[in-house]
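Chain identifiers are assigned alphabetically (A, B, ...) following the order of the sequence lines, protein sequences preceding nucleic acid strands; residue numbering begins at 1 within each chain.
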2 protein chains.
Amino acid sequence: MKNEDEPRDKRLKPGDAQKLTMAEVAKYVGVSAMTVSRAFRQDASVSEETRKRIMEAVDALGYVLDLSAGSLSSRRSGFIAALVPSINNSNFSDTARGITDALENTGLQLLLGYTDYAAEKEEKLIEAMLRRRPEGIILTGGSHTSRARRMLEKAGIPVVETWELPEEPINHVVGFSNTEAMALLVRTLASQGYRKFGYIGGTTARDTRGSQRRSGFQKTVEELGLGPGRMISFGVPPITMEQGGQAIVSLLERWPDTEVVLCVSDLSAFGAIMECKRRGMRVPEDVAIAGFGDYEISSICHPSITTIDVDCYGIGRQAAARLLDALQGGGAAGGDITLTSYKVVLRESTERAGSR
Amino acid sequence: MKNEDEPRDKRLKPGDAQKLTMAEVAKYVGVSAMTVSRAFRQDASVSEETRKRIMEAVDALGYVLDLSAGSLSSRRSGFIAALVPSINNSNFSDTARGITDALENTGLQLLLGYTDYAAEKEEKLIEAMLRRRPEGIILTGGSHTSRARRMLEKAGIPVVETWELPEEPINHVVGFSNTEAMALLVRTLASQGYRKFGYIGGTTARDTRGSQRRSGFQKTVEELGLGPGRMISFGVPPITMEQGGQAIVSLLERWPDTEVVLCVSDLSAFGAIMECKRRGMRVPEDVAIAGFGDYEISSICHPSITTIDVDCYGIGRQAAARLLDALQGGGAAGGDITLTSYKVVLRESTERAGSR
DNA sequence: ATCTAGATTGTTATCGATATCATCTTGGCC
DNA sequence: GGCCAAGATGATATCGATAACAATCTAGAT
């Protein structure tokens, strides 16, 4: 796999790395290092004339500011840390994008990590992040190891938990009730006449949002007097498209008269729908299927998929906004809770016969 | 949207942030700061006894190592920077995951940025990254502004360009020829009897990999004597699922007898297939469709989608491995090129009638 | 008993920027 | 003309760890 035929030796000779410092730029221009430092900042008082000369020198010499030195003396790292369960999941990468966008032009940079839905990995990552002395940290969910909580509380920086409404928030929260959202979906579909509800989710509580959705489903189906829901657990969360396909087969084998199946996410819903079609079943005529999260796939899929539209990007933006507030306000204000919106999006995959 | 009813003031009182330093831990244990510093490292020579006592103190006090201070004096930031066009695209987030995984237990941390497929944004990000003094940097593609190139060359750190084979590599390369990969797909489909080829891609050269795939398509169709390909450009890259659907409508309106349509990515291919089904056309019987990238969706979709399987995760792992090599070897070796594998995956979306 | 290599620990200087305070200009105002 | 405020610039200490070297100690060899 490696092509060694042509050992091109490019510019990267050792020692080529001229470590240029601010002091050298200063000498070149004939000012003090402090003035060069000031020239790099918007607010500082440097004459336009001097700043211009300095910036020309910076260009000419190819100097690049060293923030690691600066953050030590200013005691501001310029980092915001964020942990998401997975970056391959577009819901969370939308949130990450929201954070990055909100941080633009604030001089803050995002340090991103993914926990793989594991609290232990989250704990390790939190420690790794705190070693960089971030000015704030954004987490996904409210379920953390006790050591993680202790580290966060001791860090003395604003913390935002997202995507859920934790029972005991550490500090700020930007999220919504996954339980309520799923309940709303159940009620909406019930009001359309569906009676026999199935549910597809993962096998463990690793994915706390998944568990909350499941309990929202179960609780609401029972409240509506529709008996216990038909639940299939399949695979370690997050469950994949393929597992969604396998799960619906199990579910329909066990309860062939199921009218509508709710899935923990659009990904599994998509897998379920495709598997049905592959087996010659019609969706929604033979079985209706809904997802959660409103991934891009759901509006494009044929049939398009009924789902809950979550404001993933907004969660990121607002979480970052909360942090910025807290950093401005001195962080003395204690935590607050920002509820983010969600809504049911009814699409073809749950259309009732003749309802067109 | 904000719930201010219950202003919970949690532990985050101002001044709560005890800035604990290594010196204080040292005093607590009765050793020097240097010994504490050593206790945090694997290789350093500290007696087990002392290390244990130090670590207990660290736990008891809740001390967290400060890497920003350490990296200044050791002149090693512990960062690797990586820039991808988008984190919402699972191909690239797979690459990011590969990098992160390869970096595990190396003491190096990933600084991730996304360029939005724009060279100017890449330039800004490169500068922002270099300010953190990363020990190496991984880029996507070989197309950079000249200032970006200059900064990179001057930085004196190993650089890896990925996902393409740049004509003038800066340093290391881990990638494959998008042109060749698409050519292979064309030849494979031609050998199955397809003659009238269409292509769907974006409107501009922003996405250089997209352009390369396009030229691979065009070149090969002509080489095979199948006339000029029928090309539809639709939308600013990266084109979405929805745009794929719109594009195939245009394409089939203009050239109704097209037998097979290749798309710049699986996402647009999926959109195209779904739009066809929505309009009552059969895939592949009425028109065959193929994509590029082997996204999860493509094996699940009904019909499953013919595509090029790219080793996205492996690109990340190998790019990181190249960097680690270079960091070990002192970086004196100059650049090398690592070719990553790809393969045609034939699926239902291009099955010839009766070929089952 | 003496010596030495290796292990363990300490001391001091330093990484490269910025905070802070001091100094020097400059222009406006009475 | 003299005084003062605001603006521009400089000097120095410092952020919190680690590199480099020095000092001390231990165990085994002679």
Base, sugar-phosphate, or nothing for [X], non-hydrogen atoms under 4.0 angstrom?
{"X": "R41(A)", "result": "sugar-phosphate"}
{"X": "T21(B)", "result": "sugar-phosphate"}
{"X": "F40(B)", "result": "nothing"}
{"X": "S74(A)", "result": "sugar-phosphate"}
{"X": "S68(A)", "result": "nothing"}
{"X": "V31(A)", "result": "sugar-phosphate"}
{"X": "T50(A)", "result": "sugar-phosphate"}

Atom pair distance, as rounded to whole Å: [atom1] in [X] and [atom2] in [N]:
{"X": "R132(A)", "N": "dC15(D)", "atom1": "CZ", "atom2": "P", "answer": "21 Å"}
{"X": "K19(A)", "N": "dC15(C)", "atom1": "NZ", "atom2": "C1'", "answer": "10 Å"}
{"X": "M34(B)", "N": "dT24(D)", "atom1": "CE", "atom2": "P", "answer": "18 Å"}
{"X": "E24(B)", "N": "dC15(D)", "atom1": "CD", "atom2": "C1'", "answer": "13 Å"}
{"X": "E49(B)", "N": "dA7(C)", "atom1": "CD", "atom2": "P", "answer": "18 Å"}
{"X": "L67(A)", "N": "dC15(C)", "atom1": "CG", "atom2": "P", "answer": "19 Å"}

Crowded around K124(A) NZ? As in, over 12 foreign heavy atoms under 6.0 Å? no
Do NZ/NE/NH1/NH2 and the carboxylate oxygens of E24(A) and K27(A) come within less than 4.0 Å? no
Quick test of your reading of the model: are K52(A) and E56(A) salt-bridged, counting only N-O distances below 4.0 Å? yes
What about R38(A), does its side chain sit under 3.5 Å from the base of dG10(D) through a donor-acceptor pair? yes
Is there, by distance only and without an angle test, a donor paired with an acceptor across the side chain of R75(A) and the base of dG16(D) below 3.5 Å? no
dA17(D) OP1/OP2 closer than 4.0 Å to side-chain N/O of Y63(B): yes
Residue pair H144(A) / A148(A): nearest heavy atoms and the distance that separates them: CB-CB, 4.1 Å
Of V46(B) and D66(A), the one whose closest nucleotide on DNA chain C sits nearer the 5' end is V46(B)
Cation-pi check for F79(B) against R132(A): NZ or CZ below 6.0 Å from the six-membered ring centre and within 45 degrees of the axis, yes or no? yes
